[in-house]
4 protein chains.
Amino acid sequence: MKQWRVGILGATGTVGQRFIQLLEAHPWFTITALAASDRSEGKRYGDAVAWKLPTPLPARVAELTLGACRPPLDCDVIFSSLPGEMAGETEAAFAAAGYPVISNSSAHRMAADVPLLVPEINAEHARLIPVQQQRRDWTRGFLVTNPNCTTLALVLPLAALEQAFGVELAVVSTMQAISGAGYPGVASLDIVDNVIPYIAGEETKVETEPRKILGRLSGDQVEPAPLRLSAHCHRVAVTDGHLCAVSVKLRQSAPVEDVCAALVEFRGVPEARSLPSSPSRPIVLRSEPDRPQPRLDRDLERGMASIVGRVREDPLFDVKMTILGHNTVRGAAGATLLNAEFLAATGRLT
Amino acid sequence: MKQWRVGILGATGTVGQRFIQLLEAHPWFTITALAASDRSEGKRYGDAVAWKLPTPLPARVAELTLGACRPPLDCDVIFSSLPGEMAGETEAAFAAAGYPVISNSSAHRMAADVPLLVPEINAEHARLIPVQQQRRDWTRGFLVTNPNCTTLALVLPLAALEQAFGVELAVVSTMQAISGAGYPGVASLDIVDNVIPYIAGEETKVETEPRKILGRLSGDQVEPAPLRLSAHCHRVAVTDGHLCAVSVKLRQSAPVEDVCAALVEFRGVPEARSLPSSPSRPIVLRSEPDRPQPRLDRDLERGMASIVGRVREDPLFDVKMTILGHNTVRGAAGATLLNAEFLAATGRLT
Amino acid sequence: MKQWRVGILGATGTVGQRFIQLLEAHPWFTITALAASDRSEGKRYGDAVAWKLPTPLPARVAELTLGACRPPLDCDVIFSSLPGEMAGETEAAFAAAGYPVISNSSAHRMAADVPLLVPEINAEHARLIPVQQQRRDWTRGFLVTNPNCTTLALVLPLAALEQAFGVELAVVSTMQAISGAGYPGVASLDIVDNVIPYIAGEETKVETEPRKILGRLSGDQVEPAPLRLSAHCHRVAVTDGHLCAVSVKLRQSAPVEDVCAALVEFRGVPEARSLPSSPSRPIVLRSEPDRPQPRLDRDLERGMASIVGRVREDPLFDVKMTILGHNTVRGAAGATLLNAEFLAATGRLT
Amino acid sequence: MKQWRVGILGATGTVGQRFIQLLEAHPWFTITALAASDRSEGKRYGDAVAWKLPTPLPARVAELTLGACRPPLDCDVIFSSLPGEMAGETEAAFAAAGYPVISNSSAHRMAADVPLLVPEINAEHARLIPVQQQRRDWTRGFLVTNPNCTTLALVLPLAALEQAFGVELAVVSTMQAISGAGYPGVASLDIVDNVIPYIAGEETKVETEPRKILGRLSGDQVEPAPLRLSAHCHRVAVTDGHLCAVSVKLRQSAPVEDVCAALVEFRGVPEARSLPSSPSRPIVLRSEPDRPQPRLDRDLERGMASIVGRVREDPLFDVKMTILGHNTVRGAAGATLLNAEFLAATGRLT
């Protein structure tokens, strides 16, 4: 298989560290460039980073020197997890300079010509790439994004239900891990013996991104799916793993056992099934009455699946359930990586 | 004011300890009898209890000897927080023996002739007491219950909305404190760095109790209110304070500001307003974007109010909001105490 | 009693907020001026502060306008909890301008002419004030400091033992609350499911400050006490309350019961006993095998005492024990306030 | 390599689950029998166990039927993690019946003829086995134990120092994980926002077991090492990983750099170095100022090493340091497994 040299933007952050962890010993990708804020430019990565993962920082990566967040970088493809405010211009500059930019940032997610890609669900949205290049007059570079961490956990089961029965509406209440806020992120005084019932901007993302992801590519654009969502987002004292309580009204009513069957049988498009980071099952269904739980289930399928449990009748709608996703793996770095693998496998990374 | 001698059933438990804390220096009630499981009968209370409150165990109470959970007990009124499985028969035995029994247990809550009393909301339900006495052939004794801890936090705001606009449905997702499970209750391995998406029996209580509380007394029985509820209940690593994310569909749509006004103006029936344990406001409305929070807000109004915040439009229904209640104060011991005060003030404790 | 008008430096911080909480309804002191960093100068306090205490921000204080941290301020006495780096010059400037400055900051603690005052222990050190004024050519103003939060919890029991038996050495291992690091302070990702075995500068403070506090005033200077200390400092996931495991070698060996008697009988100098913020007992001795515990015991004596338990024989030295202190009350704002009360009561605040 | 069939006593407990996790895909050992309390005898393991590890319960093991805790069991060797009170007789019964019993329980640890084995340190103590068999008139069976979880974390670095300089005394303060108390173990109300300064029996174990482990085999018995210890044991809100603050007085003083060198160079006896579960380094030395930390470092070397950091001068003795061990891996199941591997590799499991 061809090899690609990867440059990481936002390399010192929580998601940047996950990129490095997930790319250690990757069969296709090798990290050759790291970039972060101006403050750390020119430093040895091992000196600049406050490494917070329980697996050791790979020695080879520790020795890399941090570059600036502007082209050129010595790599074939860019993985970006820049903070929203600087992602917009920076990522566009790299794409304009000819780099494929696979991004976890929110800046370009909702742009009409940028795929908000979840390969199991909307592989066909990758066909926006040439549209985007033509519109923006870019020759080799392009932008592909993945959704918000909570959206990703939700949208895999929602896709299974959308395909099987249609989804009319979903009410979502989240209990999100502190790692989702980066580092230093949430102050400990705000979360020990506490819950914070607010995450800036999060509810809007959860209410809008699934509509684009589940939408249909029609000509040069994505027709949003008609499902409607309401989200309540909370931060809880969990290190990793976003848990979501979801009530769903289907377009075509279905009993709990059919809903379970649709979840279990969901596989996604064939091209997304056997990538190096693909989960063996995109949705894991648990039957215990008290699962999924973040600490016990977040690492199933190497953190790359949505774990669903407590599927039961809803007294108001059709079904309710609990959904768990690993927010910094499948909800962030792992999503970007899976997108990159999908683009590589389908010949879009040249 | 007349004085009453109180006997506490379940005195060593989490709620029993709160009774003792709240009754220290109470103007009307004095603890004269304590009872708990057979195992601790005959022991000095101070030796039998694993006191877990941050205020000291009152010295006089520590010296009392634990009696058995059967009549007679040396008291005028019984406060009960027995576990569900033993509450049913024991409380009925005390009522049959002539004691007013004010209970926090779930055993009799849904019985047709037992008031599920929240004085600010359904003071008129106390008129079930003579109905109950006649049906059961009891002369002086009777049973009055208060709702489940989560129900109580919810039902005060729901009552305000029901009165102002009518409530058609509510979707509720809770994040409940560990003290709600008693002691030892939740194992620490289940809650550190974790959320448990299941509390046995809780969702059914939250979905049914509000309908009775908000129901109308019609002749000899309560006509349940027509609102419909769906609940998702979770346990989180918080010591005290149940937080609820709630989406509400009103019968008569109303903008956010009118909903806020209805919440702020809710006062409850006059007889419930100036009892010793009455909150000055049954509902406290917060305007900050990230409140209420359990650690910061649970003790407002001495833990006797529902704290509401984040009132905002719901994309699917009318409004969504966050509600917090102190689960062992207003949600348990404080609710029982307020019921007792209400019954005393209205001449029902003789 | 005379009234004093208080100005607070560092008013928006964790300790500044405690000052405001403790001074609400104080019989002698009224807050008339607040100052914080340049960034918040000129703002209404209620708008500038991220109030993190569970009791409400007093309405009158919320309306005060934040001033700059330089003289003049409209007050008779300054309470300071500035961060170390800016406390040195700022506090000296206020003292030079004629203000008594009672400080919780570390900047001046170890200066030879500045009392490191714990009134129960070393009231006589207040006699350094005229020495200081003469040396520094200050007329009305002066500086008085209180110790580090951990030091204060330790030094009350150490003083009791020093007076009774002499202390030769003490080995101390601390488990310190996150509130000790201020806000935002400790990142939640560093403390959930974790312990941090390091607090910058803390071990040195704990090893040196007690020697000054327990020292003798000899002529114009304090002769440090000869005890020697070794400290290990850790941060744990506790909101308030520093817990310390202490092994002590006495100069004159004593059995456990005599050590307990010395702790219980310790009262401190008479002038410090009946101030508005004095604990009824500076040391509370608990006899249960598993106490003190931060959550259950930190608020005893309104947070103004050291709570001691598990006094037992040490296989290497004489005794070992567990000591708990409320780090933001007696360990910070409460210590400053008690010092101010002591200075007022002894005629040093004019 | 020869294969052994393993029977596990206490299979449903926290350590029993770790045995199962660690033995999945083990090159030498296969689980063929499981036993637990009478209550679960006859049940399918997958139904009886409340599996609390984040890796899935192996399907083959889930199907095994739980036997009773008495001989015979269908296996060649017994791994035991029975609770102390029932371990004594049960383990002796299996040994008497001819089974090698490798135990994590405390019952027989201090018996004069039972090795308290840490292969890197005291491999020679295995020579007590024939002494034990002769004394007790056992033919094939025998007992070998491993230390308490905290002892094991401590004793590896202490052994390195004992060998290099001699250790005169050590003062130890621990912050221990909740998993050390089993399941349900520590109540969540006791540990959220709290520290418990007491673990029944623990301090005595930590003060005595290292003396036996570091002792010399002299004829038929172990001569305890002369070092003296004082321990303070605390429970903190950490899932896995015991952290210890240790001050050490050496017999022959040494500067910090020599102490670090002794720790880094410690390798243990050759026979213990390349077993399947051997860590590549029994002691990992970290140089960062704030490490080791439980969440970040407990899984280094697959949880089989002691992680040491903050080695620095002690103002009272020679050096102080922070030590971390994974309490349910190297501190329990992993220690038993390493002992079994050592006994197998040295021909003692026939």
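- Counting heavy atoms from C-beta outward, Leu338(A) and Met304(A) have side chains that approach closer than 4.5 Å.
- The backbone N or O of Thr55(C) lies less than 3.5 Å from no partner atom in the side chain of Gln21(C), so there is not a single donor-acceptor pair.
- Within residues 289-299 of chain A, no residue has any heavy atom closer than 4.5 Å to a heavy atom of chain C.
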Does Ser103(C) form a side chain to side chain contact (heavy atoms under 4.5 Å, CB included) with Asn146(C)? I'd like the steps, not just the answer. CA-CA 7 Å; Ser103(C) 171; Asn146(C) 58 261; over 6 Å; no
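- Residue with the most contacts toward chain A among Ser179(C), Ala177(C), Gly185(C): Ser179(C) (heavy-atom pairs, distance under 4.5 Å).
- Judged by distance alone, with hydrogens and angles left aside, the side-chain atoms of Ser106(C) form no donor-acceptor pair with the main-chain N or O of Gly84(C) at under 3.5 Å.
- Of all residues spanning residues 230-243 of chain C, those with a heavy atom less than 4.5 Å away from chain A's heavy atoms are Ala237(C), Thr239(C), arranged by number.
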Run the side chain to side chain contact (heavy atoms under 4.5 Å, CB included) test on Ile307(A) and Ile323(A) for me, step by step, so that the C-alpha distance in whole Å, both residues' side-chain angles and the decisive distance to 0.1 Å come before the verdict. CA-CA 6 Å; Ile307(A) 320 299; Ile323(A) 300 173; over 6 Å; no
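- A perpendicular orientation is assigned to the rings of Phe79(C) and Phe29(C), their planes being inclined by more than 60° (bins at 30° and 60°).
- Applying the 6.0 Å contact sphere to CZ of Arg60(C) captures more than 12 heavy atoms from other residues, nucleotides or ligands.
- With no hydrogens or angles considered, no side-chain donor-acceptor pair links Asn327(C) and Gln176(C) at under 3.5 Å.
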Verify side chain to side chain contact (heavy atoms under 4.5 Å, CB included) between Thr65(C) and Lys43(C), making sure each step is shown before the conclusion. CA-CA 6 Å; Thr65(C) 299; Lys43(C) 290 195 187 155; over 6 Å; no
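- Between the side chains of Arg18(C) and Thr328(C), at least one donor N or O lies within less than 3.5 Å of an accepting N or O.
- Using a 4.5 Å cut-off between heavy atoms, Leu189(C) contacts chain A through both its backbone and its side chain.
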